[in-house]
Chemist: 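One structure follows; several queries about it will come next.
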Amino acid sequence: MRIAPLLFYAALLTGLAGVRDSDAADAAFQSWLQSLWPQAQQLGVSRATFEAATRDLEPDLTLPDLVIPGRPEKPQAGQAEFVQTPPDYIKESTIDQLAVQGRKLYDQYRPALAAIERQFGVDPAVVLAIFGRETDYGRAKDSRSAIRVLATQAYLGKRKEKFRDEFLLALKIVQDGVIRPADMKSSWAGAMGLMQFLPSDYLKYAVDFDGDGRADIWNSVPDALASAAKQLADKGWQRGLHWAYEVHPPANVDCTIGVPENTLPIGEWLKRGFVPAYGRELSPAERAATASLVQPQSIYGPSFLAPANYFAIKEYNFSDLYVLFVGHLSDRIVDPRPFETPWGKVAQLPTRDLDRMQEILTARGYYHDKIDGKAGMKTRAALGEYQKHNGLKVDCWPSAALLAHMQAARGN
């Protein structure tokens with residue numbers, strides 16, 4: 001287990017010009033693959049399936065996010081959900097185009113969507129919006145071998161254990177006869193099919209909704225939509241609630257209260273001066289549902305009351321901007337109106353500056369979560385607390401001026 005990677009790394013150091021110097025590299029990688037056979041066997045994978053999937057398999061060194069000794073690590077551009085401002089990520093032109101196509105698909109798959117809603121309780125427009133966001137309604141085609149991607153990430157990626165498990169589960173999917181290895185395509189991160197499921201997601205949530213005997217998330221739109229609905233339902237989606245409710249907050253709103261742990265019944269938020277956008281009337285069940293305040297761009301953009309359904313979508317992709325994109329697209333599929341409150345103009349700090357902010361906030365006792373360079377809900381709330389204690393304007397937004405203040409201040 002230890003010798004094989006060393007042989008592979010040595011080959012990389014001496015033969016990186018063509019990556020494939022390399023009987024040694026191939027032998028090392030193959031040796032590592034073979035070491036996984038006992039675990040694959042425990043999952044019910046036959047030796048024949050294992051050999052067919054791994055024979056002549058080579059790592060794909062063109063993938064991002066790899067750690068290869070001897071090759072300088074390239075700084076990652078960052079996932080769009082975490083490095084863009086809301087208006088940059090939720091572009092009106094993109095939303096409008098996807099909504100037009102989403103309405104066509106809503107009509108095309110109306111019977112299947114109605115049946116999916118009856119079975120899982122999930123808003124059909126939401127699963128359509130996930131379809132649109134993940135693969136442009138299937139028009140964005142994956143071209144990489146999922147087996148090769150997962151093996152490479154398990155061997156050289158930054159999250160080896162996670163991808164090793166996903167690689168083994170991909171072999172189980174092949175063993176179960178769902179799809180041939182050659183047809184199992186994925187993104188660079190191993191996400192597969194129309195809704196971008198990892199193998200573990202497939203095995204937990206994939207649904208054969210069209211009744212052809214297999215859950216085909218690669219080619220069957222009904223299967224893919226139903227599988228996404230099952231995942232949302234299993235993650236806590238509540239029938240009859242919206243994904244989130246845009247509201248106009250009171251003028252004196254405290255942006256530091258916008259954290260998931262701070263919940264109130266929606267009716268109580270309304271009593272405290274939060275007014276639903278577009279004069280929307282909420283049902284008694286909606287008013288009784290608990291929700292958190294979400295201000296993705298702090299006081300400089302729309303505000304939302306987020307019930308359980310918001311966080312169910314967030315389990316699909318752990319990003320508030322992803323949830324907003326999917327939620328807003330789902331709204332626009334059935335209602336052409338944009339958010340009632342427009343986005344203001346703000347800048348997004350680079351990841352390294354957000355890292356530094358989180359480090360300072362942690363050292364001074366304002367922040368108690370991971371250092372990840374992302375301006376999430378807890379980071380924004382901590383920034384607001386810092387601003388309160390230092391007599392600054394409380395807007396909970398990371399700016400260059402605020403970082404300069406934090407770096408200059410001592411013990412505040």
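In this chain, residues are counted from 1 in sequence order. Because the structure is predicted, anything quoted here is derived from the model rather than measured.
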Chemist: Just verifying a value: how many Å separate Phe197 CZ and Glu134 CD, rounded to the nearest 0.5 Å?
Modeler: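 Atom-to-atom, Phe197:CZ and Glu134:CD are 9.0 Å apart.
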Chemist: Main chain of Leu392, side chain of Asn390: is a donor-acceptor contact present, judged purely on distance under 3.5 Å?
Modeler: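 Checking the backbone N and O of Leu392 against the side chain of Asn390, no donor-acceptor pair under 3.5 Å is found.
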Chemist: Hey, is the main chain of Gln348 close enough, under 3.5 Å, to the side chain of Thr85 for a donor-acceptor pair?
Modeler: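 Not a single qualifying donor-acceptor pair exists.
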Chemist: Do the side chains of Leu156 and Leu61 get nearer than 4.5 Å, heavy atoms only?
Modeler: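 Counting from C-beta outward, Leu61 and Leu156 do come under 4.5 Å.
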Chemist: If we only count heavy atoms from C-beta on, is the Val127 to Leu113 side-chain gap below 4.5 Å?
Modeler: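 Heavy-atom side-chain distance check passes, below 4.5 Å.
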Chemist: At what distance, to the nearest 0.5 angstrom, does NZ of Lys388 lie from SG of Cys255?
Modeler: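 So the gap between those two atoms works out to 7.5 Å.
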Chemist: Any side-chain heavy atom of Phe120 sitting closer than 4.5 Å to one from Leu232?
Modeler: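 When only atoms from C-beta onward are counted, Leu232 and Phe120 do not touch, as no gap falls below 4.5 Å.
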Chemist: Would you please classify the geometry between the Trp32 ring and the Phe29 ring as parallel, tilted or perpendicular, with 30° and 60° separating the classes?
Modeler: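 Rings of Phe29 and Trp32: parallel, under 30°.
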Chemist: Is there a side-chain contact between Trp397 and Arg380 in this structure, where contact means two heavy atoms from C-beta onward sitting under 4.5 Å apart?
Modeler: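 In short, these two side chains touch, coming nearer than 4.5 Å.
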Chemist: Kindly indicate, with the supporting measurements, whether the criterion side chain to side chain contact (heavy atoms under 4.5 Å, CB included) is fulfilled by Asp369 and Thr379.
Modeler: CA-CA 8 Å; Asp369 207 5; Thr379 298; over 6 Å; no
Chemist: If you take all heavy atoms of Met377 and Leu293, which pair is closest and at what distance?
Modeler: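 Scanning both residues, the minimum pair turns out to be CE-O, 3.9 Å.
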Chemist: Going by the rule salt bridge (charged side-chain N to carboxylate O under 4.0 Å, His left out), which residues pair with Asp136 if we only count those two or more places apart in sequence or in a different chain?
Modeler: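 Salt bridge (charged side-chain N to carboxylate O under 4.0 Å, His left out) check on Asp136 returns Arg139.
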Chemist: Test of understanding: with ring pair (Phe, Tyr, Trp, His ring centres under 6.0 Å), list the residues that count as partners of Phe167, not counting sequence neighbours.
Modeler: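 So Phe167 forms no ring pair (Phe, Tyr, Trp, His ring centres under 6.0 Å) with any residue.
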Chemist: Can you tell me how far the CG atom of Leu203 sits from the CG atom of Leu198, to the nearest 0.5 Å?
Modeler: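 Here the interatomic distance stands at 11.0 Å.
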Chemist: Quick check: do Ser292 and Tyr310 have side-chain heavy atoms less than 4.5 Å from each other?
Modeler: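 No, side chains not in contact.
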Chemist: For Phe325, run the side-chain contact (heavy atoms from CB on, under 4.5 Å) check against Leu98, Asn317, Asp320, Ile313 and tell me which one passes.
Modeler: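 Among the candidates, only Leu98 passes.
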Chemist: Return yes if some donor-acceptor pair links the side-chain N/O of Ser31 with the main-chain N/O of Ala27 below 3.5 Å, else return no.
Modeler: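 Not at all, since once roles are kept as given, no pair shorter than 3.5 Å links the two residues.
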Chemist: Which pair of non-hydrogen atoms, one from Tyr300 and one from Lys393, has the smallest distance, and what is that distance?
Modeler: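 For Tyr300 versus Lys393, the nearest heavy atoms are OH-NZ, 3.3 Å.
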Chemist: So Met192 and Asp201, do their side chains get closer than 4.5 Å, heavy atoms only?
Modeler: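 No, their side chains stay 4.5 Å or more apart.
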Chemist: Quick one: do Gln231 and Ile130 satisfy side chain to side chain contact (heavy atoms under 4.5 Å, CB included)? Show the steps, please.
Modeler: CA-CA 12 Å; Gln231 179 169 352; Ile130 292 174; over 6 Å; no
Chemist: Does Thr135 offer a backbone N or O that forms a donor-acceptor pair with the side chain of Gln196 under 3.5 Å?
Modeler: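 Side chain of Gln196 to backbone of Thr135, a donor-acceptor pair under 3.5 Å: no, none is there.
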Chemist: Taking the side chain from Gln387 and the backbone from Cys396, do they hold a donor-acceptor pair closer than 3.5 Å?
Modeler: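 Yes.
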Chemist: Side chain to side chain contact (heavy atoms under 4.5 Å, CB included) for Gln39 and Arg164? Distances and angles first, verdict last.
Modeler: CA-CA 10 Å; Gln39 296 170 66; Arg164 180 196 62 209; 3.8 Å; yes
Chemist: Applying the ring-ring contact (aromatic ring centres under 6.0 Å, His included) test to Phe131, which of Tyr137, Tyr109, Tyr316, Tyr106 qualifies?
Modeler: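 The option that passes is Tyr137.
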Chemist: Tell me whether Asp176 contacts the main-chain N or O of Val178 through its side chain, where contact means a donor paired with an acceptor under 3.5 Å.
Modeler: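 Absent.
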Chemist: Under the salt bridge (Lys or Arg N to Asp or Glu O under 4.0 Å) criterion, do Asp234 and Lys204 qualify, and how do the steps go?
Modeler: CA-CA 10 Å; Asp234 287 359; Lys204 285 185 285 190; over 6 Å; no
Chemist: Ignoring hydrogens, what is the shortest heavy-atom contact between Gln297 and Gly344? Give both atom names and the distance.
Modeler: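 Minimum heavy-atom contact is NE2-O, 2.9 Å.
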Chemist: Is the backbone N or O of Arg332 less than 3.5 Å from a side-chain atom of Arg103, with the two atoms forming a donor-acceptor pair by type?
Modeler: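 Checking the backbone N and O of Arg332 against the side chain of Arg103, a donor-acceptor pair under 3.5 Å is found.
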Chemist: For this output row, return yes or no: ring centroids of Tyr202 and Trp218 closer than 6.0 angstrom.
Modeler: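 For Tyr202 and Trp218, the ring centres are under 6.0 Å apart.
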Chemist: If the threshold is 4.0 Å, N to carboxylate O, is there a salt bridge linking Arg364 and Glu385?
Modeler: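 Result for this pair is no, no salt bridge flagged.
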Chemist: Between Arg110 and Asp107, is there a side-chain N and carboxylate O pair less than 4.0 Å apart?
Modeler: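 Looking at Arg110 and Asp107, the cut-off is met.
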Chemist: Take atom CD in Glu281; do more than 12 heavy atoms of anything else shown fall under 6.0 Å from it?
Modeler: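 Atom CD in Glu281 is not packed in, count stays at 12 or less.
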Chemist: So how far is it from Gln295 CD to Ser303 OG, rounded to the nearest 0.5 Å?
Modeler: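 Here the rounded value is 3.5 Å.
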Chemist: Is it the case that Asp65 and Trp188 place a side-chain donor and acceptor less than 3.5 Å from each other?
Modeler: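 There is no such pair (donor and acceptor under 3.5 Å, judged by atom type) between the side chains of Asp65 and Trp188.
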Chemist: Aromatic rings Phe274 and Trp269: how do their planes relate, parallel, tilted or perpendicular, breaks at 30° and 60°?
Modeler: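 Plane angle over 60°, so perpendicular.
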Chemist: So, Glu286 and Arg280, do they make that salt bridge, N to O below 4.0 Å?
Modeler: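 Between Arg280 and Glu286 there is a salt bridge, with a charged N closer than 4.0 Å to a carboxylate O.
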Chemist: Do His248 and Glu340 have a side chain donor and acceptor closer than 3.5 Å?
Modeler: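 His248 vs Glu340: donor-acceptor pair found between side chains.
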Chemist: Who are the salt bridge (charged side-chain N to carboxylate O under 4.0 Å, His left out) partners of Asp56, not counting sequence neighbours?
Modeler: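 Asp56 satisfies salt bridge (charged side-chain N to carboxylate O under 4.0 Å, His left out) with no residue once adjacent residues are dropped.
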Chemist: Taking all atoms of both residues into account, what is the closest heavy-atom pair of Pro199 and Ala170, and its distance?
Modeler: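 Answer, listing the atom of Pro199 first, then Ala170: CB-N, 3.7 Å.
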Chemist: Sort out for me which residue in Asp123, Asp331, Asn309 forms a side chain to side chain donor-acceptor pair (under 3.5 Å) with Trp243.
Modeler: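 Single pass found, and it is Asp331.
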Chemist: Under 4.5 Å between any side-chain heavy atoms of Tyr245 and Pro307, yes or no?
Modeler: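 Side chain of Tyr245 against side chain of Pro307, heavy atoms only: contact under 4.5 Å found.
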Chemist: Determine, step by step, whether Gln34 and Thr54 satisfy the side chain to side chain contact (heavy atoms under 4.5 Å, CB included) criterion, reporting the C-alpha distance in whole Å, the side-chain angles of both residues, the deciding distance to 0.1 Å, and the verdict.
Modeler: CA-CA 8 Å; Gln34 292 304 315; Thr54 59; 3.9 Å; yes
Chemist: Using only atom types and a distance under 3.5 Å, with no angle test, would you say the side chain of Arg148 pairs donor to acceptor with the backbone of Pro59?
Modeler: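 Flag set: sc Arg148 to bb Pro59 pair under 3.5 Å.
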Chemist: Rounded to the nearest 0.5 Å, what's the gap from CD on Gln97 to CD on Glu92? Could you check?
Modeler: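 It comes to 10.0 Å.
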Chemist: Is the cationic atom of Arg47 (NZ for Lys, CZ for Arg) positioned less than 6.0 Å from the six-membered ring centroid of Trp37 and within 45 degrees of its normal?
Modeler: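 Cation-pi check for Arg47 and Trp37: passes.
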Chemist: Measure the shortest side-chain to side-chain distance between Glu246 and Thr341 over non-hydrogen atoms and say whether it is less than 4.5 angstrom.
Modeler: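 They are in contact (side-chain heavy atoms under 4.5 Å apart), so the answer is yes.
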Chemist: Could you tell me whether Arg159 and Glu166 have a side-chain N and a carboxylate O separated by less than 4.0 Å?
Modeler: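 Looking at Arg159 and Glu166, the cut-off is not met.
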Chemist: Considering non-hydrogen atoms only, spot the tightest contact between Ala53 and Leu171 and give its length.
Modeler: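 For Ala53 and Leu171, the tightest heavy-atom pair comes out as CB-CD2, 3.6 Å.
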Chemist: Can you tell me if Gln175 and Ser46 form a side-chain donor-acceptor pair at under 3.5 Å?
Modeler: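 Distance-only check passes for Gln175 and Ser46.
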Chemist: Does the Asp60 side chain pair with the main chain of Val149, one donor and one acceptor, at a distance under 3.5 Å?
Modeler: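 Between the backbone of Val149 and the side chain of Asp60 there is no qualifying donor-acceptor contact (under 3.5 Å).
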Chemist: Quick check: closest heavy atoms across Asp210 and Arg214, and the distance to 0.1 Å?
Modeler: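 Closest approach of Asp210 to Arg214: OD1-O, 4.5 Å.
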Chemist: Let me confirm one number: the CD1-OG distance from Ile173 to Ser200, rounded to the nearest 0.5 Å.
Modeler: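 Reported value, rounded in 0.5 Å steps: 8.5 Å.
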